[in-house]
Amino acid sequence: MKKKKVNLRDLKPNSEEQHSHDDGHDHGDGSAFKTYIPSIISFVLLIIGIAVDYFDAIPQFEGWIRVVWYTLAYIPVGFPVIKEGWESIKKGDFFTEFFLMSIATIGAFVIGEYPEGVAVMLFYAVGELFQNAAVNRAKGNIKALLDVRPNEALVYRDGDYISVNPETVEIGEKVQVRVGEKVPLDGILLSNKGSFNTAALTGESKPDTIQRNEKVFAGSINLDGVIEIETTKEFKDSSIARILDMVQNATARKSKTELFIRQFARIYTPIVVFLAIGVTFIPYFFVDDYVFRDWLYRALIFLVISCPCALVISIPLGYFGGLGAASKNGILFKGASFLDAMTKINTLVMDKTGTVTKGVFKIKEVVNNSTFTNEEFMRYLMAIEEQSTHPIAKAILEYKAEGSDLEAKDVSEIAGKGLSGVVNGKTVLVGNKTLMTANTIKVPTETETIVESIVLVAIENNFAGYVVIADELKDDAKETITALNKVGIKNIMMLSGDKDSITQKVASELNIENAKGGLLPEDKLNEVEALKQNPENKVAFIGDGINDAPVLAASDVGIAMGGLGSDVAIETADVIIQTDQPSKVVRAIKIGRSTRKIVWQNIGLAFGVKAIVLILGAGGLATMWEAVFADVGVAFLAILNAVRLQKMNWS
C-alpha cells in the first residue's frame, strides 16, 4: 500500500470543516484581539445609536445623520459577509448563507430598520467568533501533536554526534536523545532501559519504561538519562508522522449526516429565497389592506430565520469535536464516517495474539523432575537456548537477565523437534515430545494435557523436567469483554492462527463462547464474510498483524492495535488504538455514540426553533430580533453543545 508522504513543516490543522467565513488563522495573543475589534466597534456604535433613539437625547440624530451612523456600525461586521457573498456569486454559487444575510440586512436598511439590520450582522459576527474559538479548542489535540513533532536529531557520524534535520536520518543510524528531548525517529533502544512520556502518541499520561532492544516511537519524550537508539524507519514513516497524517486526513472524510446536511442546504437555501419572494408579493392578491413595506419586512425576517448557519456550523464541529476527543484518548478515527459506523456495531470479531494477549511469551511454569535444583535445571536449559533465535528461546532467556554461566558446546538443531548439545560435560536435549521419543526418553503423561507451548528437557538421556511457555493476557482483556456486553455488543467472536486448544483456553478465560483457532488469513476472512451475509450484522474486527489486513479491510469497521501492530494493519484499518488496550474499543464506541447524539440534538434544535419562528415571522408575530435568535442564537447554542464533547469522560 502506497503511503502518502507527510511534510510536517507544511502541515496545518485542516480548516475544511470550519465555516467558510472562518479565516482559520492561528492567532497569537495580539492578533487574536484584532479579530474582535470589528465586532466591538459595531457593538459600541449600535448601543449608542439605540440609546440616542430611545431617549431622544440628540434631536439632530435623524435623517442622513442617522443613516450614516448605523451604516458605520454596519460596515465592520457587514462588509466581510457581503464580500463573501459576492465572491460566492462570482463562482456561480448564489444561494449561500452570506447571500441570505446580505439581502436581509440591506433590505432592513431600505425599509428604515437600521438597528435591526446592524444587529443581525453583529450577532452573526459574534457567532462566528464563538465558532472559531470552538474549532480552535477542538483542534487542541492536533496542535498538541504538531508541538511534539521532533525538529532535530543528534546522529552519530564521523566519530561524533551532530545535530541534523530528522528527515535526513537514514535507517540503521545511531541517534542520541537527551533528557527532556523528543525521540526524533522510530527505532530500537540501544541503552539498557529508558523512561518515556508517550502521552502525545497514546493518550496515556503515565511514563512508559522501555528495555534494551525494545521499540521506541518518534514523538516520545525521554524522561530519564541520556539514551541511544538505532533508527528502524525513515522520518516520513515514523509513528508521529503517521498519526499526524491520519488525524489530518480524518476531517476530510465526512459522515453521511454531514454530507446530507450540506446537500440539503444547497437545495434548502434557494427554496427559502423563492418563498421569501412569495411572502413579499403573493399576499397582494389575497389581502385587502396590503402594505408592501410590512410584507417585505416579514420576508426579510423569513430570510434571516431560514439561514442554515446552525446546521452548517454545528454538525461538522460536532464530528470534529468527536475526532479530537478520541485522539485525546489514544484513539484515531480515520474519518467522521467511522465515528458513525462505530455506533452501529453489534458484532465484534477479535484476533488473539497481540490483541487480547501481550504477544510476548513468558515462562508460566517450571517443573523440575531431576536431581538438580530449579536454579541448576534452568542454567542447563538456558545454556542451550542461548544458541537459538526462536521466540520461545527468548522467553526462556528472560528467566535470568545475565543468562547462564554455563556454556553449551556442539549445539545442533533438529528440524521440527528441538536442540541438542553438551553442557558442563552432560548431553542435553531440549524440544518437543517427538525429540524425546526419538531418543527413547519417557515423558510423563501429565504433559499431554497441557495446552500451552511446552519445552521438554532431558539431561544424560533422563527426563529432567519441562517449562510451560504462555502468552499473557493483557491487563484489561477481561474487563473489555464485560464492558462490551454492557454497551450492547453481545455477539463476540475470537479468531486466531494459534492452535485451537490455546485459542479455546484464552476464550474460556475471557468468557467468549465463540472461538476458532488454527486459522489461516483466508479462513478469518471467510468467517467475517459469513457473518456479514446477515444484513443485521454490523461487524467490527480488531487485530494487529499483517495477516489481519484482509479481514480489517473486509469488516464494516476495521480496528488495529497501533502500538505493536504492523504497518500494513494500521494502514488498512479505519480506527487505530494507539495504546494497544482492547478496552479502548469500548471507549471508541462510547465516543461515537456521544458524538452522534450531540449532532442529532443540534439538528433537532435548529429545525425545531427555526420552524416555530418561521411560522411566527410569516404571520407577522415575530420581529427581526426573534429572527436573530433563531439564526445566530441557535447556532451559538449548537456550538456550546458540540463543545461538551471536549469535557466528557468515557472511562
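On a predicted model such as this, the values are computed, not experimentally measured, just so you know.
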When every non-hydrogen atom of Gly194 is compared with those of Ile227, the smallest separation belongs to CA-CG2, 4.4 Å

#### Entry: side-chain contact (heavy atoms from CB on, under 4.5 Å) evaluation trace for Asn641 with Leu605
CA-CA 10 Å; Asn641 194 31; Leu605 175 68; over 6 Å; no

Rounded to the nearest 0.5 Å, the CG atom of Asp471 sits from the NZ atom of Lys364 at a distance of 11.0 Å

All heavy atoms of Leu484 vs all of Leu348, minimum pair found to be CD1-CD2, 3.3 Å

So CG of Leu519 and OG1 of Thr503: to nearest 0.5 Å the spacing works out to 7.5 Å

(message) Quick one: does any side-chain atom of Lys334 pair with a main-chain N or O of Ala573 as donor and acceptor, under 3.5 Å?
(response) yes

Between Lys478 and Glu509, is the closest basic N to carboxylate O distance under 4.0 Å?
no

Per side chain to side chain contact (heavy atoms under 4.5 Å, CB included), Ile542 is matched among Val356, Thr480, Ile559 by Ile559

- Task: Run the numbers on Tyr319 and Arg596 for side-chain contact (heavy atoms from CB on, under 4.5 Å), then give the verdict.
- Result: CA-CA 8 Å; Tyr319 282 109; Arg596 188 170 178 81; 4.3 Å; yes

- Message: Closer than 3.5 angstrom, by distance alone: can the side chain of Asp556 be matched with the main-chain N or O of Ala540 as a donor-acceptor pair?
- Response: no

| query | When you measure from the side chain of Arg593 to the backbone N and O of Val487, does any donor-acceptor pair fall under 3.5 Å? | reply | yes

Any side-chain heavy-atom pair of Lys358 and Asp475 under 4.5 Å | yes

request  = Could you give me the CA-CA distance, side-chain angles and deciding distance for Ile331 and Arg587, then say whether side-chain contact (heavy atoms from CB on, under 4.5 Å) is met?
outcome  = CA-CA 9 Å; Ile331 304 163; Arg587 193 168 297 184; 4.0 Å; yes

Separation between OG (Ser555) and CG (Asn537), nearest 0.5 Å, reads 12.5 Å

Value for OG1 (Thr343) from CD1 (Ile591), rounded to nearest 0.5 Å, stands at 13.0 Å

Shortest non-hydrogen pair, Val169 vs Ala153, comes out as CG2-CB, 4.0 Å

- Message: Quick one: does any side-chain atom of Ser508 pair with a main-chain N or O of Gln504 as donor and acceptor, under 3.5 Å?
- Response: no

Here the pair of heavy atoms bringing Val175 nearest to Pro184 is CG1-CG, 3.7 Å

Worksheet entry | Flag, side chain of Asn329 to backbone of Ala325, donor-acceptor distance under 3.5 Å | yes

Would you say Glu214's side chain and Leu189's backbone share a donor-acceptor pair under 3.5 angstrom? no

(Q) Do Ile363 and Ile469 have side chains that approach each other closer than 4.5 Å (heavy atoms only, starting at C-beta)? (A) yes

*Should Glu234 and Ile171 count as side-chain neighbours, where that means a heavy-atom distance under 4.5 Å?*
yes

### Task
Taking only Lys NZ, Arg NE, NH1 and NH2, and the carboxylate oxygens of Asp or Glu, determine whether Lys584 and Asp476 approach each other closer than 4.0 Å.
no

Distance col, row Asn213:CG vs Glu230:CD, nearest 0.5 angstrom, shows 9.0 Å

Scanning both residues in full, the closest heavy-atom pair of Phe333 with Leu323 reads CB-CD2, 3.6 Å

If only atom types and distance count, is the side chain of Lys516 paired as donor or acceptor with the main-chain N or O of Glu527 below 3.5 Å?
no

The single option from Glu479, Met350, Met561 that satisfies side chain to side chain contact (heavy atoms under 4.5 Å, CB included) with Pro582 is Met561

Should Ile502 and Lys352 be marked as a side-chain contact (heavy atoms from CB on, under 4.5 Å) after you check the CA-CA gap, both sets of side-chain angles, and the distance that decides it?
-> CA-CA 10 Å; Ile502 295 177; Lys352 179 184 72 67; 4.1 Å; yes

Between the CH2 atom in Trp650 and the NZ atom in Lys590, the distance rounded to the nearest 0.5 Å is 11.0 Å

Worksheet item: Are side-chain heavy atoms of Ile450 and Glu365 found at a separation under 4.5 Å?
Response: no

For the side chain of Thr231 and the backbone of Glu173, is there at least one donor-acceptor N/O pair under 3.5 Å apart? yes

- Quick check: does any side chain N or O of Lys474 sit under 3.5 Å from a backbone N or O of Thr355, one acting as donor and the other as acceptor? yes

query = Going through the checks in order, is the side-chain hydrogen bond (donor to acceptor under 3.5 Å, both in side chains) test met by Ser195 and Asp224?
reply = CA-CA 6 Å; Ser195 181; Asp224 184 22; 5.9 Å; no

### Task
Give a yes or no on whether Lys490 atom NZ has more than 12 heavy-atom contacts from other residues, nucleotides or ligands under 6.0 Å away.
yes

Between Ile492 and Ile512 the two heavy atoms that sit nearest each other are O-CG2, 3.6 Å

